[in-house]
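Have a look at the structure below before the remarks.
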Amino acid sequence: MVAQTPRGSGMRLLNSKSAHFLASRPLGIRSTAPEVLRGVITLLPGRLSSVAVRFGEDRFVQVYVAVPDFQVEAAIGVRAYPSFVVHCRSLAAKVGQGYQISVSARLAGGVIFNGHVILRVIVTNFFQPDWFKSGRYYYRLQSNYNQIQRKYSVIYTAYFYALNPVESLWAGWGTTEMIILGIESSCDDTAAAIVVDGREIRSNVASSQAELHARYGGIVPELASRSHIQQIVPVVRAALSEAVMTLGDVDAIAVTSGPGLAGSLIVGLNMAKGLAATSGKPLIGVNHLQGHAYAAWLHDPANGNPAPPPPEDRCGFPLLCLVVSGGHTDLALLKAHGEFERIGRTRDDAAGEAFDKAARLMGLGYPGGPVIQKIAESGRRSDPLPRAWIRGTWDFSFSGLKTAVLHRARAEGIYPAPEGGPDREAVAALARSFQDAVADVIATKTARAAEEFGVQGIVIGGGVAANAALREALNDRSSVPVISPPPALCTDNGAMIAAVAFHYLKRGDRSGLDLDVTPGLTIGEAPSAPTLTCV
């Protein structure tokens with residue numbers, strides 16, 4: 001048996017092969033006043049000794065160390081506490097020069113605190129030269145960067161000089177992160193990702209079905225469900241592998257439970273339930289639309305750029321969220337993390353759906369958004385298409401615009417496509433007019449809403465949010481900062497689901513295994529069957 005230190009803590013055991021594990025003993029945890037780490041030990045052969053180590057605002061760990069015949073027995077445990085689930089291991093080792101033991105408890109999913117408690121008894125006859133001495137205490141601050149996991153650990157240690165240099169205590173606290181596996185299968189992309197602390201992407205894997213559905217000019221729900229079944233396991237495995245992790249390293253499992261296609265949602269939800277049930281990890285149901293908004297919080301260190309400040313630091317709450325995707329065009333106020341209030345929506349076709357239908361009329365194929373943007377770049381300016389402003393509301397409508405595209409396409413010989421195909425310049429001009437109409441309405445109404453509600457910034461997300469013309473129009477019209485995620489994070493992905501789940505965990509929300517899919521979920525609603533669990 002080998003004693004393990006917490007992953008990425010920058011610690012290692014000396015010659016653990018010589019360790020002899022004797023016993024374990026659960027002890028307790030109780031609250032105390034704020035105080036930095038402090039260790040007090042008196043080692044007397046044959047008698048029970050105690051060590052008190054204080055950390056954090058209201059956590060107190062008590063450890064008992066017995067030294068009969070030069071054998072050290074150490075244990076750590078906790079009393080039931082409403083904010084934690086604590087996994088404890090107690091180890092004991094035979095004392096001898098050059099040996100040490102590690103006693104660790106992982107505090108997983110804490111609402112207030114999430115970290116490792118590391119208590120270690122060191123038997124040595126020398127002091128390391130990098131310790132700072134103050135009376136009978138020695139102090140050291142260490143940092144470590146794990147290249148594989150791409151994370152830092154900071155270790156504060158307090159070393160108390162006991163009766164002699166051979167018998168002393170080392171106690172420390174090592175930082176850790178909240179690691180979440182996010183699973184997304186609401187429509188036609190099977191996706192999974194590993195995200196740390198709701199921001200840092202460790203992996204982000206997706207399997208697209210665009211080629212499968214392109215022949216039909218749109219998504220076929222039955223085919224989408226079958227493809228998810230085939231891809232969900234390989235995608236989740238790839239996400240863990242790319243992050244150099246196993247399921248045991250994950251603190252929680254998040255999954256989209258709505259809105260979306262019912263058959264597609266069920267595949268991802270059942271996968272997440274199975275992983276949660278077998279691993280004992282918390283299950284977090286996530287609103288897909290909120291995920292698109294939280295894509296603006298994500299950062300991928302693999303691209304080499306420094307992490308930007310999160311939107312609440314850059315702008316402050318409240319924020320205005322614009323979610324424009326294939327099935328939704330929503331405006332919502334984000335008053336604080338997780339507090340969404342929808343103020344506007346589409347009354348018919350969503351912006352992404354309008355792009356797909358317009359592209360079909362112009363013979364451009366599926367999906368419509370990227371291909372319309374590309375061909376519109378070379379399009380000449382032509383007569384503008386009509387805009388539906390719906391005065392007095394923050395709602396949108398694109399069905400009339402779609403009808404206008406149909407009439408012009410017929411008038412200009414674009415639809416039905418003539419033999420040999422339509423005139424490319426005419427198609428490019430119509431694509432530009434259509435894209436300008438969509439961007440104009442969305443950007444103008446969003447900028448006006450930002451002024452009306454006095455928000456500090458605008459966050460955009462969803463597949464249509466990757467459109468360059470829309471981004472440019474928003475930045476031109478808005479008087480507050482516009483925060484746009486990279487185009488790759490605008491489409492459906494698992495990272496955005498994990499980002500939302502991080503804030504669910506922080507406030508103590510969990511989902512039970514009775515969680516169900518909700519295909520018609522709106523941006524301000526909680527997932528079905530939420531269960532509040534204080535862990």
Side-chain angles (χ1 to χ4, degrees), residues 210 213-219 322 324-331 344-448 460 462-474 476-477 487 490:
H213 299 287
R215 71 191 73 172
Y216 305 103
I219 297 170
L322 170 66
V324 275
S325 65
H328 301 85
T329 303
D330 287 348
L331 274 176
R345 60 181 177 83
T346 182
R347 295 189 177 184
D348 39 60
D349 291 350
E353 185 181 5
F355 267 96
D356 290 339
K357 291 179 178 179
R360 191 183 312 161
L361 292 172
M362 289 181 265
L364 297 177
Y366 173 87
V371 68
I372 285 181
Q373 176 178 306
K374 184 176 181 180
I375 196 171
E377 292 174 356
S378 60
R380 57 178 172 80
R381 288 191 180 276
S382 59
D383 293 338
L385 290 168
R387 275 83 159 147
W389 293 106
I390 317 182
R391 307 289 180 182
T393 76
W394 305 111
D395 290 347
F396 303 95
S397 173
F398 299 104
S399 62
L401 175 60
K402 178 189 64 178
T403 303
V405 170
L406 173 61
H407 292 325
R408 184 172 295 185
R410 283 175 173 169
E412 297 184 1
I414 296 173
Y415 180 83
E419 187 174 345
D423 180 73
R424 187 169 182 83
E425 288 187 4
V427 172
L430 181 54
R432 178 171 179 174
S433 293
F434 169 80
Q435 180 176 261
D436 287 348
V438 174
D440 185 21
V441 171
I442 293 177
T444 300
K445 297 200 78 166
T446 301
R448 289 175 181 172
I460 67 173
V464 182
N467 184 275
L470 175 59
R471 290 180 179 228
E472 182 179 354
L474 266 172
D476 288 345
R477 289 164 173 76
C490 290

Task: K445/D440 salt bridge by N-O under 4.0 Å criterion - done: no

Task: Spatial distance of atom CZ (F434) from atom CD1 (I372) [nearest 0.5 Å] - done: 5.0 Å

Task: Close side-chain approach of M362 to L430, heavy-atom, < 4.5 Å - done: yes

Task: Heavy-atom donor-acceptor pair, K357 side chain to K402 backbone, under 3.5 Å - done: no

Open item on the list: Are S433 and Q435 packed together at the side-chain level, in the sense that at least one heavy-atom pair is separated by less than 4.5 angstrom?
Closed with: no

TODO: Looking only at non-hydrogen atoms, find the nearest pair between A350 and G326 and report the distance.
DONE: CB-O, 3.6 Å

Task: Under 3.5 Å: donor-acceptor pair, side chain of T393, backbone of I390 - done: yes

- [ ] Would you name the heavy atoms of G413 and P418 that are closest together and state the gap between them?
- [x] O-CD, 3.3 Å

TODO: Using atom types as modelled and distance alone, determine if a side-chain donor or acceptor of S378 lies under 3.5 Å from a backbone N or O of I375.
DONE: yes

Task: Pairs meeting criterion side chain to side chain donor-acceptor pair (under 3.5 Å) with involvement of residues 403-420, two or more places apart - done: none

TODO: Answer yes or no: is there a side-chain heavy-atom contact under 4.5 Å between L322 and I442?
DONE: yes

Task: Non-hydrogen side-chain atoms of R432 and R381 separated by less than 4.5 Å - done: yes

TODO: Answer with yes or no after comparing the ring centroid distance for Y216 and Y366 against a 6.0 Å cut-off, counting only values under it.
DONE: no

TODO: Determine whether D330 and F396 make a side-chain contact, defined as any pair of heavy atoms from C-beta on separated by less than 4.5 Å.
DONE: no

Task: Non-neighbouring partners of V371 that pass side-chain contact (heavy atoms from CB on, under 4.5 Å), sequence neighbours left out - done: A359, L364

Open item on the list: Using a 3.5 Å distance criterion without hydrogens, assess whether the side chain of N467 forms a donor-acceptor pair with backbone atoms of Q373.
Closed with: no

Task: Closest non-hydrogen atom pair, V464 against A351 - done: CG2-C, 4.1 Å

TODO: Taking all non-hydrogen atoms of both residues into account, name the closest pair between C490 and A466 and its distance.
DONE: SG-N, 3.8 Å

- [ ] For residues A429 and S382, report the shortest heavy-atom separation together with the two atoms involved.
- [x] O-OG, 3.7 Å

Task: For L401 against P386, the heavy-atom pair lying closest together - done: CD1-O, 3.7 Å

Open item on the list: Any side-chain to backbone donor/acceptor pair from R360 onto G365? Under 3.5 Å, distance only.
Closed with: no

- [ ] Give a yes-or-no answer on whether the side chains of R347 and S397 include a donor-acceptor pair shorter than 3.5 Å.
- [x] no

Task: Any side-chain heavy-atom pair of V324 and I460 under 4.5 Å - done: no

Task: Those residues that, when tested against H328, pass side chain to side chain donor-acceptor pair (under 3.5 Å) (two or more places apart) - done: none

Task: Side-chain heavy-atom pair T329, R345 within 4.5 angstrom cut-off - done: no

Task: Stepwise side-chain contact (heavy atoms from CB on, under 4.5 Å) test for T446 and T444 - done: CA-CA 5 Å; T446 301; T444 300; over 6 Å; no

TODO: Using distance alone, with no hydrogens and no angle criterion, decide if D349 and S399 have a side-chain donor and acceptor under 3.5 Å apart.
DONE: no

